[in-house]
Asks: 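I am attaching a structure below and will ask some questions about it afterwards.
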Amino acid sequence: MKKEELIEIIEKLKENRDLSDAEFLALLTTDEEEVRQHLFECADNVRRENYGTDVYVRGLIEFSNYCKNNCYYCGIRKGNQKVMRYRLTEDEILECCKEGYALGFRTFVLQSGEDPYFTDERMISIVSNIRRNYPDCAITLSIGEKEHDSYQAFFDAGADRYLLRHETATKSHYESLHPEEMSFEHRLKCLQDLKEIGYQVGAGFMVGSPYQKTKYLINDIRFLQKLQPDMIGIGPFLTHGDTPFSNQPNGSLEFTLRMLSILRLCFPYVLLPATTALGTIHPLGREMGLACGANVVMPNLSPRRVRKLYELYDNKICTGEESAQCRGCLEKRVASKGYQIVTDRGDVKKS
Ligand code: SAM
Ligand code: FES
């Protein structure tokens, strides 16, 4: 496709018009440097129209690396016997929140593997304690697949948001990333349940995951168009040496940036993090992500001693820092691109 035609497609996206699959494919596959730059600039403009130069921070608390699942890509999968497993206590989690609040965080993201130790009862206790202590903060959960009534109970206890990446909207692809006991349909049902309950919902996927095809990414966009999530978490797939995908190549920085900018144009209002995986694949990956439409960063609030143990992929960054250092470092990185971190719950701005 000619350069002019590609620019025309970007204009369509900017005007919030839908694209055909062929048009998405053309944007996803073009080698034209000028078109790529134009895409990034347009995404940044749309982000500025909706969120100005504000960047929202989420304090990420990785409270357990136990997991009953065996996702082929993930470093903390059950089958990886080399991982030293840990769990934070409720008091330790609350301590992370206390430290985070003092550092200006108004969203706490509680993330873990699917750890059966954290029963509904335990999660309800943790969520309601955070809710009581920090009524002005948002509580985000990212603890995997549950049944409707559990999601409802966490919501009633005070959780506002839930992150559950769909991973891929293509069933056959889902099945090549997960063992038989995991179900594509159940993952999608979880997202539907979360929406119905009233959570602000985050879906998402890895860019460049093994066996991914460009047409699957178009399915992902179509899926997101139907789901209309409040947040979309994407980052490059990164290899972990102790998983069945140890020989698979990393996803690409360039392609992740391109995907970020397309998502910003398709979903002008959405909360889009510049992920740790993006910062791991390139030292300035998160800054580049911010310049392509991302408007959220998620520094780590977990105690330093456990950070290295929550290793989803090799060479994860920010495992040696204290929370305050992590916050300060990100502040500088964000400022280097002309944006600023704000002390705010950072809710989605949907009209
Ligand atoms: N257990 C929860 C869940 O399944 O949603 C939350 C934790 S899970 C580790 C969070 C996300 O990490 C996954 O949805 C996946 O997209 C991402 N992830 C896992 N392994 C990865 C890898 N090797 N490279 C990049 N991202 C990865
Ligand atoms: Fe459970 Fe990755 S396999 S968190």
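Each ligand, and each atom within it, is numbered from 1 in the order the structure gives. Values below: every heavy atom of this structure, side chains too, minus hydrogens, waters and symmetry copies.
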Asks: Could you list the residues that satisfy salt bridge (charged side-chain N to carboxylate O under 4.0 Å, His left out) with Glu90, not counting sequence neighbours?
Replies: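 None.
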Asks: Could you tabulate the donor-acceptor pairs under 3.5 Å formed by side-chain atoms of residues 198-210, not counting sequence neighbours?
Replies:
unit_1	atom_1	unit_2	atom_2	d
Tyr199	OH	Tyr151	O	2.7
Tyr199	OH	Phe155	N	3.1
Gln200	OE1	Arg161	NE	3.2
Gln200	NE2	Asp347	OD1	2.9
Ser209	OG	His173	NE2	3.4

Asks: Going by chain and residue number, what protein N/O/S atoms come nearer than 2.8 Å to atom 2 (Fe) of ligand 2?
Replies: Cys74 SG
Asks: With a 4.0 Å cut-off, would you call Asp242 and Arg77 a salt bridge?
Replies: no
Asks: Taking the ring of Tyr134 and the ring of Tyr101, is the distance between their centroids below 6.0 Å?
Replies: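 Judged by ring-centre distance (under 6.0 Å), Tyr101 and Tyr134 do meet the cut-off.
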Asks: Atom CE in Met298, atom CD in Gln111: separation rounded to 0.5 Å?
Replies: 6.5 Å
Asks: Please confirm whether Phe223 and His166 have ring centers closer than 6.0 angstrom.
Replies: yes
Asks: State the OG-OH distance between Ser112 and Tyr310, to the nearest 0.5 angstrom.
Replies: 6.0 Å
Asks: Cationic tip of Arg87 within the cone over Tyr66's six-membered ring, i.e. under 6.0 Å and within 45° of the normal?
Replies: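 The answer is yes, since Arg87 meets both limits relative to Tyr66.
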Asks: Write down, by chain and number, every protein residue that brings a non-hydrogen atom to less than 4.0 Å from an atom of ligand 1.
Replies: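 For ligand 1, the contacting residues are Tyr73, Cys74, Gln111, Ser112, Gly113, Ser142, Gly144, Leu164, Arg165, Glu167, Arg187, Met206, Pro236, Phe237, Leu238, Tyr310, Leu312, Tyr313.
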Asks: For His178 and Tyr73, I'd like to know if the aromatic rings sit close, meaning centre-to-centre distance below 6.0 Å.
Replies: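 Yes; Tyr73 has its ring centre under 6.0 Å from that of His178.
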